[in-house]
Amino acid sequence: MSIKVVPALSDNFIYLIELKNGTICIDPGDAKPVLEALQTDLIAILNTHHHADHTDGNQELKNRFNCPLIAPDDERIQDVDQFAKEGIPVIIDELIFDVLFVPGHTKSHIAYYSEKLKAVFTGDSLFTCGCGRIFEGTPEEMFNSLQKIAKLPADTLVYGGHDYTKKNIEFALSLEPENKELKRCGDAPWSIDQEKKRNPFLRTSDPSILNALDMEKSKTVEVFAVLRQLKNDFL
């Protein structure tokens with residue numbers, strides 16, 4: 001059992017989980033790199049949210065392998081065979097995923113956590129040292145979603161939907177230039193524990209972040225909202 005990272009489009013990550021009896025594909029924004037990377041047949045496709053750069057490969061892969069598509073209940077995702085909902089595990093072959101409802105980036109966004117893999121596939125909610133833009137939700141919803149992911153076991157590896165790591169680290173260092181964890185950070189994926197020490201969006205109550213923003217007396221959600229706006233404007 002292994003996880004293969006497949007770069008796609010300009011900065012997307014597609015994930016292939018290779019099992020004994022086939023492969024699971026997560027967020028195929030493009031079918032071509034998936035087909036090039038596959039070593040076995042697809043046995044399932046999982047989507048985290050409806051955006052085209054995470055779903056455009058669905059139909060071609062479904063037609064090719066006649067495999068089920070599992071996705072959040074959202075009319076913008078077509079031809080879904082099984083809706084993934086929080087509280088109902090998704091079972092594929094020998095693997096079990098817990099579904100986390102994590103709105104903010106989109107209203108129906110979900111993440112998939114596997115205890116066996118010690119991995120969470122977060123789509124465009126939590127990134128390495130960052131988080132997704134808020135398109136359909138509110139800062140409070142996104143903040144709560146990230147807190148939900150942060151409660152997973154500390155050694156869980158975070159597999160986000162895009163490679164924004166370099167820019168995210170630059171932004172984090174602009175806030176915490178003396179953060180020793182940031183200075184020695186390595187390649188993704190990072191664990192939940194590492195994210196808590198490095199990711200400013202999970203550090204909204206940390207004194208160094210509050211001092212950097214001059215928000216020592218502000219609520220954590222307010223701090224989060226300011227961080228997200230600052231990141232939107234960060235060049």
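The basis for the numbers below is simple: all heavy atoms, side chains too, and nothing from hydrogens, waters or symmetry mates.
Contacts of Tyr113 classified as ring-ring contact (aromatic ring centres under 6.0 Å, His included), with partners at least two apart in sequence or in another chain: none. When the ring-ring contact (aromatic ring centres under 6.0 Å, His included) test is applied to Phe201, the partners found at least two apart in sequence or on another chain are Phe224.
Residues Glu18 and Ser2 have side chains that bring a donor and an acceptor to within less than 3.5 angstrom of each other. A donor and an acceptor atom, one from each side chain of Asn58 and Asn47, are located under 3.5 Å apart. With no hydrogens or angles considered, no side-chain donor-acceptor pair links Asp193 and Ser191 at under 3.5 Å. A donor and an acceptor atom, one from each side chain of Lys197 and Asn179, are nowhere located under 3.5 Å apart. Side-chain contact annotation: His49 with Asp74, donor-acceptor N/O pair under 3.5 Å absent. Under the 3.5 Å distance criterion, with hydrogens and angles disregarded, a donor-acceptor pair is assigned to the side chains of Thr48 and Asp27. When only modelled atom types and interatomic distance are considered, Asn232 and Arg228 share a side-chain donor-acceptor pair under 3.5 Å.
Between the OG1 atom of Thr40 and the CG atom of Asn21 there is a distance of 9.0 Å, given to the nearest 0.5 Å.
For His105 and His50, the distance between ring centers is not under 6.0 angstrom.
Within the structure, ring-ring contact (aromatic ring centres under 6.0 Å, His included) contacts touching residues 169-200 (residues at least two apart or in different chains) are Phe171-Phe234.
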TODO: Apply the test ring pair (Phe, Tyr, Trp, His ring centres under 6.0 Å) to residues His54 and His162: give CA-CA distance (whole Å), side-chain angles for both, the deciding distance (0.1 Å), then the verdict.
DONE: CA-CA 10 Å; His54 294 258; His162 291 272; 5.2 Å; yes

